[in-house]
Structure formats: structure tokens, C-alpha cells
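Quick notes on the structure that follows.
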Amino acid sequence: MEASSSSSPAGPAPGPPPCIPPSGDQCVWADVSPLIAAACADLQDGELVHGENFSLFAAMSALEIMDPKMDSGIERSGYYSIDEAIEDGIAPVPLSLDRTLDIQRTLDVIDHLFSCEATWHKGHTLAQTVFTCIYLMKMDRISSHAVLNSFCRILRATCNAVISVVSTARTHEEEDLFTMSFGLPLNGEGDDKCLSVLNSVEETISRQLRACKSQALSKKKTLEEFESLQDNPELEEGYCRALLCRLRFRKHFHHVVTCMRKPQGRGLDLARKHVTSCLAELSLMLKSQEFLKSRYDITLQKGDESCTTASGCRPIGFDVSLNSRLLSPAPPRAVQILAWSDGIRYFEKLLHDLDIICALSLDPVLENVLHFIAQFQKSVPDLVPRAFLQTLLVQDGKLYGRDLFCDVISRALSLPDIIGDKEFQSNEFVVQLGQLVINLLKIICTNTAWQRRKLGKSLQDWSTISIQLELALKREFGETRNVLADENMCMRVSKQLLVWSQEHTYWIASRFLILGFELDLYSPSEYCMVYWYMHVVFIKLIEKMQLRILASNENSRRKGKKKKDHSKDSVRDTPFPPSCLLLQCYVLLSEGLSMLLAALRKESKSFQLPSIFNTEQERFMQHFDLLQKAQIPECITYYSFKEAAAQAHMADVMKYNFFKEIQKIIPSLKGSFASEPEKLAELRQIEQVAEHNRIALNIINHVGASDPKLRVSFEFTHHPHFAVAVVKRS
């Protein structure tokens, strides 16, 4: 903003403030204070001074100066600088001249940093969590304090490594705050030797603990023969144990992060061992809480759940507003540091998730990889384990950093002869499909909301390449679609690529629809259309899966039998794998629920909640617009759904009895999945949904769907995606 000559003061203009650099040839400073004062006097509530190019759209990203909720520099609740805080004595070194109190305070600082780290992992910024610690900001001050120095040094190195993993994976949440360092000192001189420094301190404390035990056995109370942590002999062993488990946890967790970052999964086995050690040390940390609380005569009371230390005392050396002025990209936010007990639970879950990743067999079969990720996501892992999973799966454009994705596709097509074939690898469709697979793996490692949104957008790419493959196949080989005995390799590869890409397109579509339940995007009045669309997609998915399996079996026969036997073998019925039968259960569940809901809508006028904001057709497009744009499936519109729903009758639902059909399939599947506990659990859930819905269907049919006293609701008590009908009479 420039002041006009008419608004300038009568006297000579004052010089610029000292903080403003001297004027250059192209920069002239003018005092606008009178103009601002005049504007303040003239403005009414709700009015705004702005330039000609300012718009309401720009206002969405504008920061309001002098508003405490938006201006990070207005509040004077803390210190303006680290030096000012240090001069005020809030971070003394040593922490106390009393050696016993010094150790107590050191443990409090370590525990609070532990809680801050967990809070950071949950999506807050480093500046407002871990780096609220003044000791961490000024590491040179604590070089004489061996315990605190070694702990802070390895914590900083671990944070830096975690940021590197998450930045590489790009799985961070929408605001990207997790990876922002805000100019904080994340890299320090000597951090590469943090483990050796920590090992030295750990060994010293271990010797002291052994000396304590030998002193106890000999019933001597003097501490003259070794250098103690503090001055009270009766407390020495307890403090040694409390410190050791915390230092060892930090060491093993650093090893976990380091080992999991090794290329091609070479450090996974060693990482699992360190995960086990971390969990053991967490257990010892919990046990030390009773001892630390007893030092302060603190008993467990209501409200202790918010304590960020095991002792329950407030730590010294922290200031929450210290770095608030570094958060220029975003308004200041209030950060509630996780309680110490919540931090323990967070790291336990984190370590269990990392252990699952380390146990991955590095199987290059894409179908198994997708199943593993989908199963892993059911536990709702946090940001850090998802980032580690993605960086393991995709390294240097290869699966696990070793398998080219064109070779992964070759295995999926059951064509081992073309693995490593240069012509196949350079084929434009194979290259495009390989990139789509890479993107798919990255997408399904993101959080649920991002995953669904990105899956929906990626459907257009998968659909486009399927159409291009089909057109190329017609152009080169005509309209033939059956597997012929004398067709050449090029024709077979083209056909199988088409079927394979279509199968994965429908797999993505099915996951897109299913994730809507996990995000609670569907209302009960919309369940009918959602299950109807799921039923259609599942049918197409089974169809493409069966075509791929037929082609795969044909390839196996070609290798094992003479050419004259091909026609005889190709007409035999091919037994389909259990995965097809499991999909058939999903088809029956979806169709049964959609028909039941449609019949209830028609005969009892329920689940027809009119909206004053949009019509049913508009809601259909809101939920399935991305599927419709990609034409998945073809020729499926809102009017297809309306026609199917209009033909539904309770008598037909009873006649086909989809839920009973599921119960016939389940026993054979249980035998097939006997060695897979995850799928057995899924079968039990499906069986319970089918049984409860079968009973509810019989009750509705017996009472009559049009009975005004009948009340039917749907709950997800047995399966997260397939509802159970609950029947009551008012």
C-alpha cells in the first residue's frame, strides 16, 4: 500500500524504522500511519480495506493481522527468543544442584519428549511438539549432561530419519505439516555418532545397576565403590532401571527406523528383533511409573490421564509458544500434548504395525500385495507405518526395489516366458500399466479419505487404458475374443493385458465403494443404491477374474500338452479358486441387501427420506459420479437402478433367498482358507450377516412388510461394509 501525497503529514517524513533496510533505487518508503488511522476511524464493523485486485477468493487464504486466532506474533504469553527463556532460568543445566532432583527432572524431560513425539506422529508440527524443548534447541548447553545429551541427540536423529521416510512416501496428511521443519535444528554435528554416545551412557548406568544389585546382596549401604546417579542409595536401583528402559527404547526404536530404511527390505528381519526389544522396554517403562510416582507422593487420581510424564510432575525446559512465530504458513493452533499413557499406547500400536510390515514375505505377486495392503489398512495404521510400507513397496520404480513392474505384470498374466523380454518391457501399454500400478500402490497406502478420493480419480486412467487396449486389439486382430489354439503370442498377451487391466479397474471401483462405508458417507436411505451398484461391480469383477484364470490355465496347458490336445482340454470346466467364491458371497450379500431395501421402500414406504436439498438422482451422481465418468460399468445409469428397484418385491427376495445361498458356499470356503486366519475371520463375519438377515427376512415376510407397526433398521454390528437388518415392532 502506498500513501498518496494528500495523505502525507505536513512536516518532513520520518525515516524508516531501524528494521527496514535502506531504500534502494527502486524502493521508496513512506509512512502510512495517518492513512491507517483515518481508515480505522472511518471503518464500520465488517468492513475491510483492500486493493482493487482483492477478491473473496483471496480472503479465504488471507491472514488477519492482530487477530489472536490468525496472527501468530500477537500474543505475548511466552518468550520471544530461546536466549530470553534461558536467561529467565526455565531450562537450567544441570537441571538441579541436588543430584537426586536432577535425575528426577531428567526423567520428566525424557517422558514429556516421549509424549511430544507421539503427538507429532499424530499430525501436529515439530515446532509445537518435540521442539518446544529448549534443551533440544540448544544442544551445546547440555554437552556436560551425559544422559540428557545422549537422549536428545538420538531423538533428533530419529525425527530426521522419520521425516525423510514420510517425505519420500508423500503419505502425509492434507496440510503437509508433519514434514515441515520450520528451520529447526534437525541436523546437528555428531548426530551420526548418536548410537555410540548412547551406548556409552547405557553401559555406565548398567554398571551402576549391577553394582546396586551386588551391594544389595552383600547388604552394604555405601555407594563409595562406584559413581552413583544421585545421592540416595535406596533410590539408586529404581532410577537406574527407569533410565535404562527409556534409553534402550530410544536406541532400539532408532535401529527399527534405520533397518526399515535399508533398500530392498534387507533390514526387515533385524528390524523385527528391535521391535520386540522396543515392546519389552515399553513394558518396563510402564512398570517404572509406580516407583516414579512414589518419589513425589502422587497417587493415581482423576485427571492424571492428562499427565505427560510418568511421575505426574510438570517438566522443566519447555515453552509451548517458543516456536509459534515460525508457523507462518498456517495460523497458530492449540496443541494438546498426548498423555504419557496415551503415548505408550500409541507406540505399542505403531510397533505392532511396523512388525506386520517387517513380516511381509516380499512376494512379487501383485494380487497378494494388494490383499496385504487392504488387510493392513483395516487396523487403521497411522501416518508413519503407512509411509514405511509405501517406501518398502516402491523403490526406484521397482517392487521392493528389485522387481520391475513389467515383470510383475508378466507374472500376473501367467506368462513367465516373457519375463525380461525387452520388447514386452518397452511396449507402451505395459509401461503405462506399470506406472498405474505404482500409483495404485501409493494410493492405497494413504489415509482412508485420501485413498478413496484418489482411487476415484484414478479410475479414469484405468478405464482409458482398457479402452485403448481394446481398440488396439480390434485393429490388429479383429473381433475375436475367444482363446484360440493357434493364436500367436502377441495376440494372447494383448488379450490377457486387456482382461487384467479391466479386472483391476473393477477392483479399484469395488474398493472405492467399500471405503464409503468406512467414512460414513452413505445414509440409510442411500444403502439401496449403494448395494445395487456394489452388486453390479462385483459381478463384473468376477467375470474378469474368471477370464484371467481361464487364460492362465490355457497357458499352462500349452506348456504341458501337445497342440492337438488343446481343443479337448479347453472345453473342460475349470475349477475356479476360492477367491472367486468369496466374491460370489459379496455379490449375493449386495444383491440380497439391495433387493430387501428396494422391497421395503416399495411396500412399506420406508428408507425413502426426501431431501429438500437434492433429489435421489442428484445423490446418485454425488456418490457415483467418478464411476459414471469412467463408464464403470458400461451402460449403468441412475435409470438402471430405478428400473431394478421398481421390480423388487418381497416375494422375489424370499424366492431367491440370497442369504441362504451364502450359507451353502461358506462351508467349502472354510476348508479352502483353513490356513489363512484373516480370511476365516472374514467368512465368519459374512456368515453372521447372512444368518441374521435371513432371520430378519423371514420375520418381515411373516409379519408383512406393509404392517405399520413394523420397524426395520440396518446396523453394522457384524461386518463394517454389509449391514444387518434389525426388526422391531412398535
Side-chain angles (χ1 to χ4, degrees), residues 365-371 373-374 405 408-415 429-430 432-434 436-437 439-441 443-444 455-456 458-474 477 479-484 487 491-514 532-556 570 573-591 624 626-636 640 665:
V365 178
L366 183 60
E367 183 182 355
N368 296 341
V369 174
L370 294 176
H371 173 73
I373 302 174
F405 278 95
V408 173
I409 294 173
S410 302
R411 291 188 182 92
L413 299 178
S414 299
L415 294 171
F429 291 118
V430 175
Q432 290 180 47
L433 283 171
L436 286 178
V437 171
N439 294 338
L440 176 60
L441 293 177
I443 287 172
I444 58 179
L455 283 176
S458 71
L459 280 171
Q460 189 72 49
D461 297 328
W462 283 89
S463 178
T464 299
I465 199 170
S466 296
I467 293 172
Q468 291 174 346
L469 272 168
E470 190 167 12
L471 291 175
L473 192 60
K474 287 180 180 179
F477 306 109
E479 297 291 338
T480 305
R481 286 292 174 270
N482 297 325
V483 178
L484 303 177
E487 67 184 7
M491 184 183 230
R492 279 193 289 134
V493 171
S494 299
K495 287 182 179 179
Q496 289 179 238
L497 268 180
L498 173 60
V499 172
W500 182 85
S501 64
Q502 289 174 336
E503 179 188 351
H504 282 78
T505 303
Y506 286 110
W507 183 88
I508 294 170
S510 66
R511 185 153 183 82
F512 173 83
L513 293 170
I514 282 173
W532 175 83
Y533 215 113
M534 286 172 62
H535 154 249
V536 175
V537 168
F538 281 136
I539 285 180
K540 299 295 287 187
L541 179 57
I542 288 181
E543 176 188 322
K544 302 303 177 184
M545 185 181 290
Q546 289 175 339
L547 286 174
R548 175 179 58 81
I549 293 169
L550 280 171
S552 174
N553 291 338
E554 182 63 23
N555 291 334
S556 300
S570 61
D573 291 332
T574 302
F576 291 108
S579 55
C580 281
L581 289 178
L582 181 58
L583 270 178
Q584 184 62 30
C585 291
Y586 293 154
V587 169
L588 293 170
L589 268 181
S590 302
E591 188 172 10
F624 312 125
L626 292 172
L627 297 172
Q628 293 283 289
K629 287 179 179 177
Q631 296 184 351
I632 301 173
E634 293 181 356
C635 305
I636 294 297
S640 307
I665 300 174

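All values derive from a computational prediction rather than experimental measurement. This chain uses plain numbering: 1 for the first residue, then up along the sequence.
Side-chain atoms of Leu436 and Ser501, non-hydrogen and from C-beta on, never get closer than 4.5 Å to each other. You'll find the side chain of Phe429 stays beyond 4.5 Å of the side chain of Ile409, heavy atoms only. Proximity of Phe512 to Ile632: side-chain heavy atoms (C-beta onward) are nowhere separated by under 4.5 Å. Proximity of Ile514 to Met534: side-chain heavy atoms (C-beta onward) are separated by under 4.5 Å at one or more points. Considering only heavy atoms from C-beta on, Asn439 stays 4.5 Å or farther from Asp461 through its side chain. Between Gln502 and Glu543 there is no side-chain heavy-atom pair separated by less than 4.5 Å. Between Glu503 and Glu367, the closest side-chain pair of non-hydrogen atoms is not below 4.5 Å. Contact of the Thr505 side chain with the Lys544 side chain is not registered, since no non-hydrogen atoms from C-beta on lie closer than 4.5 Å.
Between atom NE2 of residue His535 and atom CG of residue Leu588 there is a gap of 8.5 Å, rounded to the nearest 0.5 Å. For the atom pair OH of Tyr506 and CG of Leu627, the computed distance is 10.0 Å after rounding to the nearest 0.5 Å. The CG atom of Leu473 sits 6.5 Å away from the CE atom of Met491 when rounded to the nearest 0.5 Å. To the nearest 0.5 Å, atoms CH2 (Trp500) and OG (Ser414) are separated by 12.0 Å. To the nearest 0.5 Å, atoms NZ (Lys495) and CG (Leu469) are separated by 13.5 Å. A distance of 10.5 Å separates CG of Leu589 from CD of Gln584, quoted to the nearest 0.5 Å.
In this structure a side-chain-to-backbone donor-acceptor pair under 3.5 Å is missing from Gln432 to Trp462. Distance alone, capped at 3.5 Å, is enough to place a donor-acceptor pair between the Ser510 side chain and the Trp507 backbone.
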Run the side chain to side chain contact (heavy atoms under 4.5 Å, CB included) test on His504 and Leu433 for me, step by step, so that the C-alpha distance in whole Å, both residues' side-chain angles and the decisive distance to 0.1 Å come before the verdict. CA-CA 10 Å; His504 282 78; Leu433 283 171; over 6 Å; no
Just do the side chain to side chain contact (heavy atoms under 4.5 Å, CB included) check on Val493 and Val430 with the steps written out, would you? CA-CA 10 Å; Val493 171; Val430 175; 5.9 Å; no
Leu583 and Ser579: side chain to side chain contact (heavy atoms under 4.5 Å, CB included), yes or no, with the steps? CA-CA 6 Å; Leu583 270 178; Ser579 55; over 6 Å; no
Evaluate side chain to side chain contact (heavy atoms under 4.5 Å, CB included) for Leu513 paired with Val537, printing each intermediate quantity in order. CA-CA 9 Å; Leu513 293 170; Val537 168; 4.0 Å; yes
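Nearest approach of Leu459 to Ala509, heavy atoms of both residues: CD2-N, 3.9 Å.
Between Tyr586 and Phe538, the ring-plane angle classifies as tilted under the 30° and 60° cut-offs.
Residues forming a ring pair (Phe, Tyr, Trp, His ring centres under 6.0 Å) with Phe624 (at least two apart in sequence, or on another chain): Tyr533, Phe620.
The stretch residues 505-514 participates, sequence neighbours left out, in no salt bridge (charged side-chain N to carboxylate O under 4.0 Å, His left out) pair at all.
Screening Leu441, Leu440, Ile443 against Ile373 for a side-chain contact (heavy atoms from CB on, under 4.5 Å) leaves a single residue, Leu441.
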